[in-house]
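Notes follow once the structure below has been shown.
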Amino acid sequence: METLLFVVLGAVAVAAAGAVVLSKNAVHSALFLLLNFISLAVFYVVLNAQFLAVAQVIVYAGAIVVLFLFVIMLIGGEAGRLTAPGQSIVPISAAILSLIFLVALAYGIASGALAGVQGPASEDVLAQVGNVQALGQVLYTDYLLPVQLVAVLLLVAMVGAVVLAKRPKT
């Protein structure tokens with residue numbers, strides 16, 4: 001049953017990702033991106049990572065796609081066509097880069113470099129404590145400095161966005 005669900009969700013995710021790239025309408029492309037994010041959230045639920053599923057829906061499906069749609073509608077939905085005349089090098093370079101990526105992915109899978117690593121918490125500990133608590137414990141003990149650096153980076157980006165958006169007084 002899990003294998004069938006994985007195959008169906010994988011097909012939906014790959015089809016939605018392909019539709020994001022191949023769609024000529026920017027609004028349709030953003031909606032296919034939303035479908036892709038939702039299918040990835042269902043993958044997380046199947047893998048018993050409910051916190052990541054909720055974060056996927058709230059952050060990506062709820063915020064990023066809404067932001068994309070807002071920008072698309074701000075610049076004009078009909079004018080947001082993604083294909084431009086005279087750009088014949090783009091599909092060729094995309095195909096070459098995709099082939100390089102697939103070869104690198106196949107090499108990583110064949111060599112075992114992409115194999116999973118067992119974390120410090122066992123399944124029994126996760127069952128007692130919970131996924132969110134275990135994730136918080138690891139983030140705020142072992143990875144405290146990177147979390148704080150990301151927080152400072154986001155703060156600087158937010159202040160920079162406010163400064164750039166502020167109109168000069170005339």
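Fair warning: this is a prediction, and the values are worked out from it, not measured in the lab.
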Going by the ring pair (Phe, Tyr, Trp, His ring centres under 6.0 Å) test, which pairs reach into residues 5-31, not counting sequence neighbours? F6-F43

Shared hydrophobic cluster, V14 / V42 (ILVMFWY, side-chain heavy atoms < 4.5 Å): no

Can you list everything that forms a side chain to side chain contact (heavy atoms under 4.5 Å, CB included) with L22? Sequence neighbours excluded, please. none

Contacts of type ring-ring contact (aromatic ring centres under 6.0 Å, His included), residue F37, not counting sequence neighbours: Y60

A13 to S39 - nearest heavy-atom pair and separation: CB-OG, 3.5 Å

Linking Ile, Leu, Val, Met, Phe, Trp and Tyr by side-chain heavy atoms under 4.5 Å, what else ends up with L149? L145

Please name the pair of heavy atoms, one in S29 and one in S23, separated by the smallest distance, quoted to 0.1 Å. N-OG, 3.7 Å

Side chain to side chain contact (heavy atoms under 4.5 Å, CB included) involving I38 - partner list, sequence neighbours excluded: L34, V57, A61

Partner set under side chain to side chain contact (heavy atoms under 4.5 Å, CB included) for Y107, not counting sequence neighbours: S111

Return the CG to CD distance between L47 and E2, rounded to the nearest 0.5 Å. 8.5 Å

Taking only residues two or more places apart in sequence, or in another chain, which ones meet Q50 in a side-chain hydrogen bond (donor to acceptor under 3.5 Å, both in side chains)? N48

Just verifying a value: how many Å separate Q133 CD and F51 CZ, rounded to the nearest 0.5 Å? 10.0 Å

Donor-acceptor pairs are to be reported for all side-chain atoms of residues 94-104 against protein atoms at under 3.5 Å, with residues two or more places apart or in another chain.
from	atom 1	to	atom 2	distance (Å)
S98	OG	A94	O	2.8

Separation between CG of L144 and CD of Q148, rounded to the nearest 0.5 Å: 4.0 Å

Under a single-linkage rule joining Ile, Leu, Val, Met, Phe, Trp and Tyr whose side-chain heavy atoms are separated by less than 4.5 Å, which residues share a cluster with V45? none

Considering residues at least two apart in sequence or located in another chain, which fulfil the side chain to side chain contact (heavy atoms under 4.5 Å, CB included) criterion with V147? L139, Y140

For I58, the other hydrophobic cluster members (4.5 Å side-chain criterion, sorted by chain and number) are V54

Residues clustered with V152, ILVMFWY side-chain links under 4.5 angstrom: V156

